[in-house]
Amino acid sequence: MEDDSPLHEGLEARIAAAIEPTLAAMGYEIVRVLIQGKQTPTVQIMADRADGVPVGVADCEKISHAAGAVLDVDDPFTGEWNLEVSSPGIDRPLTRTKDWMRFAGHIATAEMSIPFEGRRRFRGKILGADEGTVRLRLDDGSDVALPRPDMRRAKLVLTDELIAATAADAARARAENPGEAPDSDGGDEPPLAKRN
């Protein structure tokens, strides 16, 4: 997988392209960039750590400062805007091939931009993925291969199995990176940073 970046369009693609080199140099990977609101837009950046350790509050603060500095120079908005940085969470969006492959065997939902085989929404067990398709085993037992370019959004479904697997992955990542202690306050997001 040469380029496993999430698919973004328009201003979200511009922002992702602007901040990606800085975040990559810091050891982070973009999961999603989303812009919400028109009057005072909020740029939401969701990121993972490249080393697999769960993202904590300190990571969000580092990403916020670095991305904010890049975007202050890039100046994507004419007026005031907000910046929000978070971890993907357990029921995370699935935006990259490696995310789909990592969570193979777990349940996901996918919403298509245009109907596929007469439907827009799908739910099933992840069988695998490549750059062009995602394969799911649907609740009725049939398999489907969804075209990723036509996928509007997709995310994991919160299940007991997913919670257990995520906890085991986090423990393993912390054991492999012993210098990384979890954040003491337990939160995932710092407050919004106001920009102008």
Side-chain angles (χ1 to χ4, degrees), residues 1-36 43-56 59-60 62-64 66-67 70 84-114 116 120-137 143-159 161-163 165-170 172-173 176-177 188-189:
M1 292 175 277
E2 284 186 21
D3 183 16
D4 194 25
S5 299
L7 299 174
H8 292 102
E9 295 180 352
L11 188 53
E12 291 167 349
R14 174 182 161 187
I15 289 171
I19 64 173
E20 193 278 330
T22 300
L23 297 188
M26 295 170 60
Y28 298 105
E29 300 172 339
I30 296 172
V31 173
R32 181 179 73 192
V33 172
L34 184 66
I35 300 171
Q36 292 190 315
V43 176
Q44 296 177 337
I45 299 170
M46 195 175 282
D48 268 336
R49 287 177 52 135
D51 63 7
V53 173
V55 171
D59 295 304
C60 290
K62 290 176 191 174
I63 294 166
S64 180
V70 170
E84 181 181 295
V85 176
S86 69
S87 72
I90 294 177
D91 56 345
R92 63 184 295 137
L94 298 165
T95 60
R96 304 170 295 178
T97 303
K98 72 188 223 172
D99 297 331
W100 286 100
M101 296 304 291
R102 174 180 168 198
F103 293 102
H106 291 286
I107 306 296
T109 59
E111 182 180 332
M112 307 304 288
S113 298
I114 55 174
F116 181 78
R120 285 187 187 264
R121 290 182 179 84
F122 295 84
R123 174 189 162 110
K125 184 182 289 190
I126 302 168
L127 300 177
D130 57 35
E131 293 164 4
T133 12
V134 168
R135 294 176 308 287
L136 297 177
R137 175 149 301 136
D143 292 353
V144 66
L146 302 173
R148 285 184 62 194
D150 296 339
M151 201 171 285
R152 183 168 180 231
R153 73 183 83 162
K155 69 178 233 159
L156 289 170
V157 173
L158 191 61
T159 63
E161 294 80 12
L162 179 61
I163 292 168
T166 302
D169 287 348
R172 188 172 26 262
E176 292 170 3
N177 299 283
D188 265 352
E189 293 182 24

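In summary, of the residues considered (Leu127, Leu156, Leu94, Thr95), a side-chain contact (heavy atoms from CB on, under 4.5 Å) with Trp100 occurs for Leu94 alone. When the options Val55, Asp48, Val31 are evaluated for a side-chain contact (heavy atoms from CB on, under 4.5 Å) with Ser87, the one that passes is Val55.
For the atom pair CD1 (Ile45) and OG (Ser64), the distance works out to 7.5 Å, reported to the nearest 0.5 Å. Atom CG of Leu158 is separated from atom CD1 of Ile163 by 4.5 Å, given to the nearest 0.5 angstrom. Atoms CZ and CG, from Phe122 and Leu146 in turn, are 5.0 Å apart once rounded to the nearest 0.5 Å. Of the inter-residue distances, the one linking Met46 atom CE with Leu34 atom CG reads 8.0 Å to the nearest 0.5 angstrom. In this structure, the separation between CZ on Arg49 and NZ on Lys62 is 7.0 Å, given to the nearest 0.5 Å. The line from CZ of Arg153 to CD of Glu111 is 4.5 Å long, rounded to the nearest 0.5 Å.
Of all the heavy atoms in Asp59 and Pro54, the pair that sits closest is OD2-O, 3.9 Å. Taking both residues in full, the closest heavy atoms of Pro149 and Gly132 are given as CD-O, 3.7 Å, listed atom of the first, atom of the second, then distance. Looking at every heavy atom in both residues, Met112 comes nearest to Pro147 through CE-O, 3.5 Å. Of all heavy-atom pairs spanning Ile126 and Leu136, the tightest one is CA-CD2, 3.8 Å. Here the closest heavy-atom approach between residue Pro88 and residue Pro93 is recorded as O-CD, 4.0 Å. A pairwise comparison of heavy atoms in Ala173 and Gly52 identifies CB-O, 3.4 Å as the closest pair.
A side-chain donor-acceptor contact under 3.5 Å links Thr166 to the backbone of Leu162. A donor-acceptor pair under 3.5 Å is absent between the side-chain atoms of Glu161 and the main chain of His106, judged by distance alone. In terms of modelled atom types and a separation under 3.5 Å, the side chain of Arg120 and the main chain of Ser113 share a donor-acceptor contact.
Inspection of the Asp130 and Thr133 side chains reveals an N or O donor paired with an N or O acceptor under 3.5 Å.
By the 4.5 Å heavy-atom criterion applied to side chains, Glu84 and Gln36 are not counted as neighbours.
Note on Asp99 versus Arg102: no salt bridge recorded, every NZ/NE/NH1/NH2 to OD/OE distance being 4.0 Å or above.
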Please list every donor-acceptor pair under 3.5 Å in which a side-chain atom of residues 14-26 meets a protein atom from a residue at least two apart or in another chain.
unit_1 : atom_1 : unit_2 : atom_2 : d
Arg14  : NE     : Asp74  : OD2    : 3.2
Arg14  : NH2    : Asp74  : O      : 3.0
Arg14  : NH2    : Asp74  : OD2    : 3.4

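Listed by chain and residue number, nothing satisfies the salt bridge (charged side-chain N to carboxylate O under 4.0 Å, His left out) test with Glu176 (two or more places apart in sequence, or in another chain). Contacts of Arg123 classified as side-chain contact (heavy atoms from CB on, under 4.5 Å), with partners at least two apart in sequence or in another chain: Ile107, Thr109, Asp139, Val157.
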